There are 2 protein chains.
Amino acid sequence: MTERVVPPAERRRRRPTKQGVVLSEELIVATALRLIEEHGAEALSVRRLGRALGADPSSLYRYFRHTDDLLLAVADELIGRTLRDWRPTGDWRADLRDLGLRVHSGALGHPRAAVLSAYRVTGRAHEIQAVETILGVLRGAGFPDPEAVRVYHAFVDQALAFSALDAAGAALPKPARDAENAVWQATYARLPAGTHPNIAATARHLVADMRHSSYPTALEMLLSAAEARLFEIRGRA
Amino acid sequence: MTERVVPPAERRRRRPTKQGVVLSEELIVATALRLIEEHGAEALSVRRLGRALGADPSSLYRYFRHTDDLLLAVADELIGRTLRDWRPTGDWRADLRDLGLRVHSGALGHPRAAVLSAYRVTGRAHEIQAVETILGVLRGAGFPDPEAVRVYHAFVDQALAFSALDAAGAALPKPARDAENAVWQATYARLPAGTHPNIAATARHLVADMRHSSYPTALEMLLSAAEARLFEIRGRA
DNA sequence: ACCTGAACACCGTTCAAGT
DNA sequence: ACCTGAACACCGTTCAAGT
């Protein structure tokens, strides 16, 4: 998506900004990531980023055509960090489980950036590598191409969707996060059996279960369904 | 979440605005929904809403403390519409499928409100009703309480997470949305088999499949896994 | 070649003044 | 009591001018 408007880095001659900083795509992405983590998603604006970098906001437009492009670059950097040095074991189910959990915990490590970028398609190097890898795992397991793509799509979107969901929770200010957790104790666990029989009967389990992410459960269910489908396909062949 | 800063409607005395409109929370929420529907997600700003209502933008601040509050009120209205007159059929799998798809398409109809509200636990009336209903469906199907809660949690979070994911896509400004769709054709479908064998082999399927939400597939997989688990439980009993 | 600074067309929100 | 209008502190983006 983002294309360099200038020749590759090593061929560029860059003048430092007034404040002595030599700009680069890498520096801009790293600074954007830092800004988001330190001051929240709303801290990322072209003007603030320029200030943080020691450069005029408008100078960033030769590195990124829009704010959106910058965001995609940040997203791709996160994917890269998450999948760096990951290797398949040959057990497709274990491999997908590991990939899903890695993406999820990577997102929780940078919750604010994850919330901003989890739902974007970047078309950039790290993302392409991830797509290639996951498709390889599924095709290697024996899924025919149309099925491999369907499972790929559901698997990836589920990983990204839960990552964003849980990252949003983790990105809440602590008082708000505590308040959300307290709702299950304070509201749900106190509903009378007369009006809310199902909640009352399961309140104990709700309080215990809702504290944790349901992603591991949902992931396991998706993998189970995929495995059942694979047996079906193999049985027919 | 939203609290009235003024007494209940029937006790208020309201002066019409210069353009003759009598403001109310209901009218503002309805107008906001219409604005989003007619002119896209980016059309909802306090200033545009004021213009659409025939009132000064600042007058809205006595009805909603922040834009956020307004969006939550819109979201609450949507939950109400989504679950209004929904009734279980007695077929637990069909019922959960229907509930999931309703939530998802409700979110897509109003993406901006959905993105903001999918991540929050409100403890409000509509939400409580939904929890009670879904738990009832699962317990009625024969899931023991701890299992019912686990499946409930995965089901609801999956519905909310995919709703937010797909709503976020729909909420993108049009140029970004178009660019996103084009990535599969323009970037992925052109990768050479030499370096990216799995993408090259499935490119045709990727272009066709990635256009649509994977939620129906992911939902069906979750339901299949839940059903398999139910058979297992029944077999043991 | 690269960065700057002004300009344009927008935002959300507050608050004293008007009716 | 309720709405208005000005003001404040921001946005993203473009482009001629400066170095």
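Only a predicted model underlies this, so the values are computations on that prediction, with no experimental measurement involved. What's counted below: heavy atoms across the whole structure, side chains too, no hydrogens, waters or symmetry copies. Proteins get letters first, then strands, A, B, ... in listed order; numbering begins at 1 in each.
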For this session: Answer yes or no: are there more than 12 heavy-atom neighbours, outside B:Arg190 itself, under 6.0 Å from its atom CZ?
Result: no

Problem set entry | A:Lys18 side-chain N/O to C:dG5 phosphate OP1/OP2 under 4.0 Å | yes

Seminar exercise, completed: With sequence neighbours left out, the residues meeting side-chain hydrogen bond (donor to acceptor under 3.5 Å, both in side chains) with B:Asn198 are A:Glu132, A:Arg139

Seminar exercise, completed: Base-pair string, DNA chain D, Watson-Crick plus G-U, cut-off 3.5 Å on both distances, | for inter-strand, is ||.|||||...|||||.||

For this session: Let me see the working for A:Glu77 and A:Arg124 under salt bridge (charged side-chain N to carboxylate O under 4.0 Å, His left out), right down to the final yes or no.
Result: CA-CA 9 Å; A:Glu77 172 63 18; A:Arg124 288 169 147 257; over 6 Å; no

Seminar exercise, completed: Applying side chain to side chain contact (heavy atoms under 4.5 Å, CB included) to B:Ala193 and not counting sequence neighbours gives B:Ala200

Problem set entry | Spacing between A:Leu60 atom CG and C:dG5 atom C1', to the nearest angstrom | 14 Å

For this session: With rounding to the nearest 0.5 Å, note down the distance linking NE2 in A:His153 to NE2 in B:His212.
Result: 10.0 Å

Seminar exercise, completed: From CG of B:Leu53 across to P of D:dC3 the rounded distance in Å is 11 Å

Exercise. If we take the P atom in both C:dC10 and D:dA9, what is their distance in whole Å?
Worked result: 22 Å

For this session: For nucleotides 11-18 of chain C, just jot down a letter per nucleotide in 5' to 3' order: B, S or -, based on protein non-hydrogen atoms under 4.0 Å.
Result: BBBBB--B

Problem set entry | Pairing residues for B:Thr31 by the side chain to side chain contact (heavy atoms under 4.5 Å, CB included) criterion, not counting sequence neighbours | B:Leu27, B:Arg34, B:Leu49, B:Ala52, B:Leu53

Exercise. According to the ring pair (Phe, Tyr, Trp, His ring centres under 6.0 Å) rule, which pairs have a member within residues 101-124 of chain A, sequence neighbours left out?
Worked result: A:His104-A:Tyr215

Exercise. In terms of side-chain geometry, is the basic nitrogen of A:Asp68 or A:Arg120 positioned less than 4.0 Å from the acidic oxygen of its partner?
Worked result: yes

